[in-house]
Amino acid sequence: MSEQQKNPLVHNDTVEAAKATPEREQPYAALGLKDDEYGRIREILGRRPTDAELTVYSVMWSEHCSYKSSKVHLRYFGETMTEEMSSKILAGIGENAGVVDIGGGDAVTFRVESHNHPSYVEPYQGAATGVGGIVRDIMAMGARPIAVMDQLRFGPADADDTKRVLPGVVSGIGGYGNSLGLPNIGGETSFDATYAGNPLVNALCVGTLKVEDLKLAFASGTGNKVMLFGSRTGLDGIGGVSVLASETFEEGAERKLPAVQVGDPFAEKVLIECCLELYGADVVVGIQDLGGAGLACATSELAASGDGGMRVNLDAVPLRAENMSAAEILASESQERMCAVVAPENVEKFKEICAKWDVNCAEIGEVTDENDRLVIEHNGEIVLDAPPSTIADEAPVYERPWARPEWQDGVQEQVDVDKPADVADAWLQLVASPALCSRDWITEQYDRYVRGNTVQARHADSGVLRIDEETGRGVAVSADASGRYAYLDPNMGARLALAEAYRNVAVTGARPVAVTNCLNFGSPENPDVMWQFREAVHGLADGAKELGIPVSGGNVSFYNQTGETPILPTPVVGVLGVIDDVAHSVSHRAVNNEDPDVLVLLGQTRDEFGGSVWQDISGAGLAGLPPQVDLADEATLADYFCGAASADGADAAAGAGTGASAGLTATHDLSEGGLGQAVFEMLKDTEKGAELDLSAVHDDAFTALFSESASRVLVACSPDRVDRVVADAVELGIPAAVIGSTNMSGEITFADGTPGAGQSVGMEALRTAWAGTLPGLFAHADAPNAAV
């Protein structure tokens, strides 16, 4: 086989040459295409593809871009979407990001995207460009990005490779996000052996815009010009979506450096401001960011969504490498680039604005009246001539075999966990565990307060941001997942992720309005994995319908496994909420003063330890059923915190909500680590201790403290308001129990004659145990991007 046959990326091949050499052997398998997929491409074109066409089809038909194994199941989101749910969605599934109309002419866009495999290969750049890519998705909707979050999963915290990957990932997220001037308002970091060799790096971004400023990715208007602007196109990132994101990792994958993009956050910051001025000048008809699959994706998707065709001349593309072939130019995933469709009369204005921001800009093509035809030239010859719809929209759709694993029944067999009588010692073990310990070593590398609109971020249940400085209107965002729960029951695990994110938003006083997701699973060619995926999709879609909030978009990341070992199924679920005035948002922290707070537990506690942190650290394995959630209970809790149970009608009408009107001084959802973790996190930033009475929670102190039952919230209030707090909850049917009060002892004790009586644990001992774990594990790594 010749060098040209081995690597179609490095040589030029024209349509005329393809017609003249129909039987030339092509290395389609090396580009991730199956025999039948290659045959289908030849059928579409009526000839063999050129090297450029083969490359474009291969990246656009990759799992990452085409969703060819997930589409049949993702349709369920549309099937379960009611008219009421969809009425506020301005842009939904299939767009760069979901956009939600939040009233008053305002809209919010948010999305979460995976950059898993690149972050294993080159942790800093893999994570940094993950942030850059999700920010451009938000920009492409016509929005200003206002904040980022991250969901991270690594192998065992003490593993050598985790010590290689985690510091680089964290530094990449901080280095890129801090340089953009975007606050990082929250996220999660989890550890499990299945993520060794295949970490998950999921980046979320939130943006705001006016409803009338919404932009979409389509090329319309014959004669309109195609403008490429931003950084120059280079050799970095080639094959990122087809080589890294669409295949199973094998040993040695960390050496695939050419497929990892290289980011420049300062170029992206300028690009953000340039885009916003272009939008303000109303010179953009349609726009698409260049991320996965680069120019191949941008041109084919713009053309496929338009009302005509498109011609592109690659000779006009600004390059930063010499002698790049057409295939290389089209497949490059160089960062910080956007592609816009502009009316001829606005081209000069477009160029002027780009020049003002010192942003490279080139006219590379135009919209034509050749319906559903994308023609691309290079060196004066046609290298691609194909229907863009077949590239962008007509990838093969696979109904992969799926079946409930034979081992699932065995996994779900209940295994009793050891419940030691010494709850104080167990409490210290839990707060020091990698699952629950302080993430300050990570989050202190992120700027949380840049731009001055962050209301809650550090250790908060949800990130809360002000979006209107005059009215105080704001949003709350949370993203959650538990691979352990989803492994035991994927349907319930997805519901639990949704429930926790929904609850985290609600307890701040924000009304949940929309859902996004990032579904991280192993190989779709494994029937066990496809069953897990299908169950999770159904759990999330049905759960969203039960809560009455729409899934506005999402992302699927398959092939997350090393060799034959898949990761824990990890459906990350993000929820966006709206609050009329962030001054009325409620913090998770107790007030640091001498006044006592009464602690009230809302919700029912059951003996539920399947998939729990205690089950993990006690050595009981991963078995049983996860906590069972009834989403109607979550909706009722949201009503309680969002105003339905306010102290009087005037407060409710003003949108003050229960938090302001009923005198709640702090709220904290219960999830991993249960009540014990919630009490500790509520008090840890104060000088307070507490005396607890667990008799109304459970007759066993250990279960009362560390069960992970869902639909529970710990609230603190002043003594004079406790009767009203409880009465409001009971009126809505929410179980409510006074479980103690705070004091200035600095100790947590248990009331005489109640579960746990006679034991105590010092807050300082808990803080010390909680704070020391990650610094001890990652002391070898500097934190060069440390921020406020």
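- Ion pairing between Lys225 and Glu366 holds under the 4.0 Å rule for side-chain N and carboxylate O.
- With sequence neighbours excluded, the residues that form a side chain to side chain donor-acceptor pair (under 3.5 Å) with Tyr28 are Asp35.
- Residues satisfying the side chain to side chain donor-acceptor pair (under 3.5 Å) test with Thr50, not counting sequence neighbours, are Glu53.
- The ring-ring contact (aromatic ring centres under 6.0 Å, His included) test applied to Phe350 returns Phe229, not counting sequence neighbours.
- Annotation: side chain of Val226 is not in contact with side chain of Glu363 (no heavy-atom distance under 4.5 Å).
- Nearest heavy-atom pair across Glu63 and Pro524 is OE1-CG, 3.9 Å.
- Glu95 places no side-chain N or O within 3.5 Å of a backbone atom of Ala97 that could act as its donor or acceptor partner.
- For the pair Ala541 and Thr80, the tightest heavy-atom approach, listed with the atom from each and the gap, is CB-OG1, 3.5 Å.
- Thr55 and Ala331 get closest at one heavy-atom pair: CG2-CB, 3.6 Å.
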| task | Let me see the working for Thr368 and Arg311 under side-chain hydrogen bond (donor to acceptor under 3.5 Å, both in side chains), right down to the final yes or no. | result | CA-CA 7 Å; Thr368 70; Arg311 280 186 171 261; 5.8 Å; no
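- Every residue two or more places apart in sequence or in another chain that forms a side-chain contact (heavy atoms from CB on, under 4.5 Å) with Asp369 is listed here: Thr222.
- Identified under the ring-ring contact (aromatic ring centres under 6.0 Å, His included) test for residues 75-97, with sequence neighbours left out: Tyr76-His538.
- Atoms CG and CG, from Leu330 and Leu295 in turn, are 5.5 Å apart once rounded to the nearest 0.5 Å.
- Applying the salt bridge (charged side-chain N to carboxylate O under 4.0 Å, His left out) rule to pairs touching residues 211-220 yields nothing, sequence neighbours excluded.
- Scored by the side chain to side chain donor-acceptor pair (under 3.5 Å) test, Asn224 finds no partners at all (sequence neighbours excluded).
- Listed by first then second residue, pairs satisfying salt bridge (charged side-chain N to carboxylate O under 4.0 Å, His left out) with a partner in residues 381-390 read Arg373-Asp385, not counting sequence neighbours.
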| task | Would you sort out whether Gln26 and Leu54 count as a side chain to side chain contact (heavy atoms under 4.5 Å, CB included), showing the intermediate values? | result | CA-CA 9 Å; Gln26 294 184 284; Leu54 183 66; 4.1 Å; yes
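- Taking the side chain as every heavy atom from C-beta outward, Val383 and Val15 never approach each other to under 4.5 Å.
- Between the side chain of Ser332 and the backbone N or O of Glu328 there is no donor-acceptor pair closer than 3.5 Å.
- In this structure, CE in Met338 is found 9.5 Å from SG in Cys274, a value given to the nearest 0.5 Å.
- In this structure, the separation between OG on Ser552 and CG on Leu576 is 8.0 Å, given to the nearest 0.5 Å.
- In this structure a side-chain-to-backbone donor-acceptor pair under 3.5 Å is missing from His115 to Gly133.
- Judged purely by atom type and a 3.5 angstrom limit, Asp372 uses its side chain to pair as donor or acceptor with the backbone of Ser389.
- Thr570 contributes a side-chain N or O that, together with a main-chain N or O of Leu568, makes up a donor-acceptor pair within less than 3.5 Å.
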| field | From CA spacing to verdict: side chain to side chain contact (heavy atoms under 4.5 Å, CB included), Val537, Leu519 | value | CA-CA 9 Å; Val537 167; Leu519 308 177; 3.9 Å; yes
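- Contacts classified as ring-ring contact (aromatic ring centres under 6.0 Å, His included) and involving residues 282-318 (residues at least two apart or in different chains) are not found.
- A distance of 11.0 Å separates CD of Glu399 from OG of Ser69, quoted to the nearest 0.5 Å.
- Looking only at atom types and distance, the side chain of Gln335 has no donor-acceptor partner in the side chain of Arg337 under 3.5 Å away.
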| query | How far apart are the C-alpha atoms of Val312 and Val375, what are their side-chain angles, what is the distance that settles it, and do they pass the side chain to side chain contact (heavy atoms under 4.5 Å, CB included) test? | reply | CA-CA 6 Å; Val312 173; Val375 179; over 6 Å; no
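- A donor atom on one side chain and an acceptor atom on the other are not found under 3.5 Å apart for Asn198 and Thr562.
- Considering every non-hydrogen atom in both Arg24 and Asp51, the closest pair reads NH2-OD1, 2.7 Å.
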| task | Apply side chain to side chain contact (heavy atoms under 4.5 Å, CB included) to the pair Ile89 and Val99, showing each step before the final yes or no. | result | CA-CA 6 Å; Ile89 298 295; Val99 182; over 6 Å; no
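- Taking 4.5 Å as the limit, some side-chain heavy atom of Cys339 sits within range of a side-chain heavy atom of Leu302.
- Applying the side chain to side chain donor-acceptor pair (under 3.5 Å) test to Arg404 and every residue at least two apart in sequence or in another chain returns Asp409, Gln412.
- A 4.5 Å side-chain heavy-atom check between Pro49 and Tyr57 finds every atom pair outside the cut-off.
- Counted by atom type alone, Asn202 and Glu113 present zero donor-acceptor pairs between their side chains at under 3.5 Å.
- The list of salt bridge (charged side-chain N to carboxylate O under 4.0 Å, His left out) pairs with a residue in residues 524-540, not counting sequence neighbours, is empty.
- Checking side-chain atoms of Arg136 against main-chain N and O of Gly132 turns up a donor-acceptor pair under 3.5 Å.
- With hydrogens and angles left out, the side-chain atoms of Arg320 and Thr233 include no donor and acceptor closer than 3.5 Å.
- Residues Ser334 and Ser231 have side chains not in contact (no heavy-atom distance under 4.5 Å, counting atoms from C-beta outward).
- Within the structure, every pair that satisfies the salt bridge (charged side-chain N to carboxylate O under 4.0 Å, His left out) test and touches residues 546-556, not counting sequence neighbours, is listed here: Arg495-Glu546.
- The shortest side-chain heavy-atom distance between Ile134 and Val112 does not fall under the 4.5 Å cut-off.
- With a 6.0 Å radius and a threshold of 12 heavy atoms from other residues, nucleotides or ligands, Lys71 has its NZ atom above the threshold.
- At distances below 3.5 Å, not a single donor-acceptor pair connects side-chain atoms of Gln532 with backbone N or O atoms of Pro569.
- Using a cut-off of 4.0 Å between Lys/Arg side-chain N and Asp/Glu carboxylate O, Lys34 and Glu37 are scored as not salt-bridged.
- A donor-acceptor pair shorter than 3.5 Å cannot be found between the side chains of Ser523 and Asn526.
- When side chains are defined from C-beta on, Pro145 counts as touching Met139, because their heavy atoms get closer than 4.5 Å.
- The shortest heavy-atom contact between Val397 and Val72 is CG1-CG1, 3.6 Å.
- Side-chain contact between Ile364 and Leu314 is absent, with no heavy-atom pair separated by less than 4.5 Å.
- Interatomic distance, Thr21 OG1 to Asp13 CG, rounded to the nearest 0.5 Å: 6.5 Å.
- To the nearest 0.5 angstrom, Asn491 atom CG is 9.5 Å from Leu540 atom CG.
- Side chains of Asn520 and Asn116: a donor-acceptor N/O pair is present below 3.5 angstrom, by distance only.
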